[in-house]
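Only one structure is covered here, and it is reproduced in the block below.
Below, chain A is the first sequence line, B the second, and so on; all start at residue 1.
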2 protein chains.
Amino acid sequence: VEVFEEISPADFFYRNRDIAGFTNPSRAIYSTIRELVENSLDACEIHKILPDVYIRLLKESDSSGEPNKYRIRVEDNGSGLPSDIVPLAFGQVLFGSKYKLRQTRGTFGLGGKMAVLYGQITTHSETKIISSNGKSKIFEFHLMMDIKNNKPEILKKETYHNNSKWHGTIIEFLTEADYTRAKAKILEYLKQTAIVAPYANITFVDPKGRFYKFDRFTTTMPRPSIETTPHPHGVDVETIKRLVGITKVKNMKDFMREHFQRVGETTAIKFLDFSKVDQKRNPLDITPEEIVLLVNGMKNYNAFLPPDASCLSPLGEESLKTGIQKEFNPEFIAVHQRKPSAYSGFPFIIEAGVAYGGNIPRTGNILLYRFANKIPLLFDEASDVSWKVIHNMVNWRHYKISADDPLAVFTHICSLKIPYKTVGKEFIADRPEVEREILNAIREVARHLSIYLSRKNFIEKERKR
Amino acid sequence: VEVFEEISPADFFYRNRDIAGFTNPSRAIYSTIRELVENSLDACEIHKILPDVYIRLLKESDSSGEPNKYRIRVEDNGSGLPSDIVPLAFGQVLFGSKYKLRQTRGTFGLGGKMAVLYGQITTHSETKIISSNGKSKIFEFHLMMDIKNNKPEILKKETYHNNSKWHGTIIEFLTEADYTRAKAKILEYLKQTAIVAPYANITFVDPKGRFYKFDRFTTTMPRPSIETTPHPHGVDVETIKRLVGITKVKNMKDFMREHFQRVGETTAIKFLDFSKVDQKRNPLDITPEEIVLLVNGMKNYNAFLPPDASCLSPLGEESLKTGIQKEFNPEFIAVHQRKPSAYSGFPFIIEAGVAYGGNIPRTGNILLYRFANKIPLLFDEASDVSWKVIHNMVNWRHYKISADDPLAVFTHICSLKIPYKTVGKEFIADRPEVEREILNAIREVARHLSIYLSRKNFIEKERKR
Ligand SMILES: Nc1ncnc2c1ncn2[C@@H]1O[C@H](COP(=O)(O)OP(=O)(O)OP(=O)(O)O)[C@@H](O)[C@H]1O
Ligand SMILES: Nc1ncnc2c1ncn2[C@@H]1O[C@H](COP(=O)(O)OP(=O)(O)OP(=O)(O)O)[C@@H](O)[C@H]1O
Ligand SMILES: [Mg+2]
Ligand SMILES: [Mg+2]
């Protein structure tokens, strides 16, 4: 006879931690560091704080036969967290502040907890979190995760006076790690993070005591992303039901104007007319049938303004160019930021770059650097839409570029929702709109490179004569 | 100021339904059908019932402007469900009977709910489920999902007399679908399912009223998979804690024998000695340090018997060969079942096949058919470990096989846990042990094909002289 059970989301991601990027001690330490660093950068940028992020990985000498026990510590000068929030933020899966319609690195309410969970199931030790919002108190928590019930167990709580008005968060715990295997990827991740966050100070102290410092080379931060309202094209029955549940307006015309971006008086009236929904109707009275009329109308009405991308925070052509220059010192760089586009009602912006020569090695392959919401993506390249575009869709010979050239291609997508294929955030789905935009961006920078290369070729030929 | 929230697992998979395979109306109807069919086949096989699965997709004429509204109905003669379970099975995400250590198609406690959810958010209509375990009653439920709170809302419940002692489950609901786009994939999925489940009757009635019948061509079912205990190599601190929480034994020697597969008296004593844990200790008294000693000991002790694969249910070489023969009528087939292997304490068996000629088209590419726990995988081929093996690791020229040959390769993995990379179950991670086994299986069948081709070549040359 079958036995039925329910499991908590913590239990689900414990059992399926490989799907979240915590497959083995080598991949897990990479994922741990990237999840914590991304949390720190979000916490700084959202509050317009120039980020200082400090990462330390120490080998823990050990009598228990655990050959690979490490202590990880990540410190930032971000916004800090309120004391009632800290245990939930780091101890309850599917809890966080990034469930809004806003561009952030974080999106699932899971990453920090996965790092804590993996440390706990490999070393049976607690996690220490110290945090302050810069006001009068600093809070220190020692906690473990109750995985079965998806809630934190608070083992200890201390409160200190915040004399220096420090603000930020420190998280520290023991975890099994294979640093030797993961080292190259970790350093590559930090290096690429520095390219797309040139205003951040990042320091990494590795188990051998070596300092890796990525100092900021600008104090200018791009405009921060802001929260926005949904676009009609991204709407389904559930969205409408929830809006009806919280709305304070008294008629459908105001409902459209209040809850959707770029819908003014005229658009609201015309749209409701098109959808055969009475504009005077009280949202609280609308029937299931009318909800479906609304949703279908929103899909089919083609006179909405496109999604507003001013809520996004792209890298900027200058910033991307400077980051590439600093890291690779190429003889030629071209960068390009596409006009905003959208998929499923979510605005997005593609930025691309191409770099030639300098420190870029000839590998017989085009080097691809992928970024999404300022996160470097280092795994599963061949499954990513950028890879597909570069290898299957761009006709490099048309640009007189061959695979032997010392060539690096950079792609960045920023959006309210990145179409990741997995919760491990390593590769992006080939949504038609995203694919098309990446293709056009690559073609644009390839065109510039092509002009440079033929001019260079011409000059060399002239010199030989 | 940041706003923090928790979301339910239903809300999480609603927001991220693309990750579960419900990206758009074309992909969603494919995923809907495959999730429901996989549930039906599991429900039959677990109870040794010869499966009869009936799928009907009807176009729903509609005044609401929804051009793509369909009614999906899937019927099986499986075990049915108890009345208190039906609402949870189809209305609560992360609920199911497949959280055990047993080979089943289902694994996440999510698939059926995603189908229900997608139908609900696109058509705002209820789901009807009729089920009986063959005893005296048939239950009919009409329900919707409360996505925010992850629980079913029961709109209606009826009970009927089960005069014919029918057993099985019927699920029916409205959903937005793009059948035109999805049709080829849906038919391919059913066709491939019939190859690996040759004992199943599958009938599909499409919106145009066309019948697609895949009749069973055997009444012999392979031995069903059975539930088993964990292997020491698959253990972490959380596993041990939970076992300690439920164990009834009084000492650690019996704890090892009771809760782990293939651990007898001698192995238990030797292992506990190796790990420096007292065999007389009461499990309820062991300390966190001792738990870590146990876990590390289990990783490092190399005298455990390998994981027991008798709990698995492979296809069988004969059955795979017959299925390939029936579908492709090739001039040559070779199949091979590898000896069992294991990754992370999970036993698995790889079966591979190669087919040449007959109805296999020459496409300039090797046709790859992938299966996992008897599920056909039709998407994201290039991200799958089998693709990687076939394209990057097998030296086909060594076997005198070229990409122009009319060649099809089949790979099947069965395991207690399939290393899927996503909850959408479409491609498998390149775990080293799995990759190695697939490579060796392919080499074996390629070798047989190579012998056949050179013999055929020789005969042709002889004939010409
Ligand atoms: N260093 C930090 N400083 C301030 N707040 C933090 C920090 N780390 C985590 N948080 C808070 O804890 C929440 C949960 O973090 P977690 O990494 O688990 O999820 P997330 O970042 O929201 O999403 P994702 O799973 O995509 O990373 C965050 O949303 C944020 O509000
Ligand atoms: N046709 C059916 N007959 C009998 N039981 C069923 C049927 N469909 C679903 N169930 C029950 O409902 C549970 C939930 O199904 P659901 O598809 O949501 O998850 P799952 O099959 O366990 O895992 P997965 O998400 O991998 O499919 C199943 O575990 C099974 O017990
Ligand atoms: Mg995070
Ligand atoms: Mg299922």
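- Contact annotation: the side chain of A:Thr122 never approaches that of B:Val237 to less than 4.5 Å [non-hydrogen atoms, C-beta and beyond].
- For chain A, the nearby parts of B:Phe108 are the backbone and the side chain; heavy atoms of each come within less than 4.5 Å.
- Contacts of B:Leu81 with chain A are made by side-chain atoms alone, with heavy-atom separations under 4.5 Å and no backbone atom involved.
- For B:Glu238, the parts sitting under 4.5 Å from any heavy atom of chain A are the backbone and the side chain alike.
- A cation-pi contact, defined as under 6.0 Å to the ring centre and within 45° of the axis, is absent between A:Arg27 and A:Tyr118.
- Only the side chain of A:Ile46 comes within contact range of chain B, with heavy atoms under 4.5 Å apart.
- Heavy atoms of A:Ile121 lying under 4.5 Å from chain B belong to its backbone as well as its side chain.
- For a residue to count as touching a neighbouring chain, one of its non-hydrogen atoms must lie under 4.5 Å from one of that chain's; by this rule A:Arg15 touches chain B with backbone and side chain alike.
- A donor-acceptor contact shorter than 3.5 Å links the side chain of A:Lys113 to the backbone of A:Ala89.
- Of the atoms belonging to A:Tyr343, not a single heavy atom falls under 4.5 Å from chain B.
- Top candidate by heavy-atom pairs under 4.5 Å with chain A, chosen from B:Ala382, B:Gly96, B:Ser79, is B:Gly96.
- For chain B, the nearby parts of A:Ile7 are the backbone and the side chain; heavy atoms of each come within less than 4.5 Å.
- Heavy atoms of B:Glu227 lying under 4.5 Å from chain A are absent altogether.
- Between A:Asp11 and B:Tyr99, the side chains place no donor N or O within less than 3.5 Å of an acceptor N or O (distance only, hydrogens not considered).
- Within 6.0 Å of CZ in B:Arg242 there are more than 12 heavy atoms belonging to other residues, nucleotides or ligands.
- Contacts of A:Lys276 with chain B are absent, with no heavy-atom separation under 4.5 Å from either backbone or side chain.
- For A:Glu290, no part sits under 4.5 Å from any heavy atom of chain B, backbone or side chain.
- In this structure, no portion of A:Lys98 lies under 4.5 Å from any heavy atom of chain B.
- In terms of heavy-atom pairs under 4.5 angstrom with chain A, the leader among B:Glu5, B:Lys100, B:Gln120, B:Glu6 is B:Glu5.
- Side chains of A:Asp42 and A:Asn39: a donor-acceptor N/O pair is absent below 3.5 angstrom, by distance only.
- B:Val295 does not touch chain A: none of its heavy atoms, backbone or side chain, sits under 4.5 Å away.
- A:Val93 does not touch chain B: none of its heavy atoms, backbone or side chain, sits under 4.5 Å away.
- Looking at A:Leu117, neither its backbone nor its side chain comes within 4.5 Å of chain B, counting heavy atoms on both sides.
- Heavy-atom distances place the side chain of A:Phe12, and not its backbone, under 4.5 Å from chain B.
- Between A:Asp380 and A:Lys421 no salt bridge is recorded (no basic side-chain N to carboxylate O distance below 4.0 Å).
- The contact between A:Ser8 and chain B is made entirely by backbone atoms, counting heavy-atom distances below 4.5 Å.
- With hydrogens and angles ignored, the 3.5 Å screen pairs a side-chain donor or acceptor of B:Thr422 with a backbone N or O of B:Gly424.
- Of the N and O atoms on the side chains of B:Asp18 and A:Tyr420, not one donor lies less than 3.5 Å from an acceptor on the other residue.
- By the 4.0 Å N-to-carboxylate-O rule, B:Glu435 lies close enough to B:Lys388 to be salt-bridged with it.
- Residue B:Ile291 touches chain A through its side chain alone, counting heavy-atom pairs closer than 4.5 Å.
- Within the 3.5 Å criterion, the main-chain N or O of B:Ser386 finds a donor-acceptor partner in the side chain of B:Asp384.
- Distance alone, capped at 3.5 Å, is enough to place a donor-acceptor pair between the A:Ser415 side chain and the A:Lys417 backbone.
- Chosen from A:Asp236, A:Asn133, A:Ile85, the residue pairing most often with chain B at heavy-atom distances under 4.5 Å is A:Asp236.
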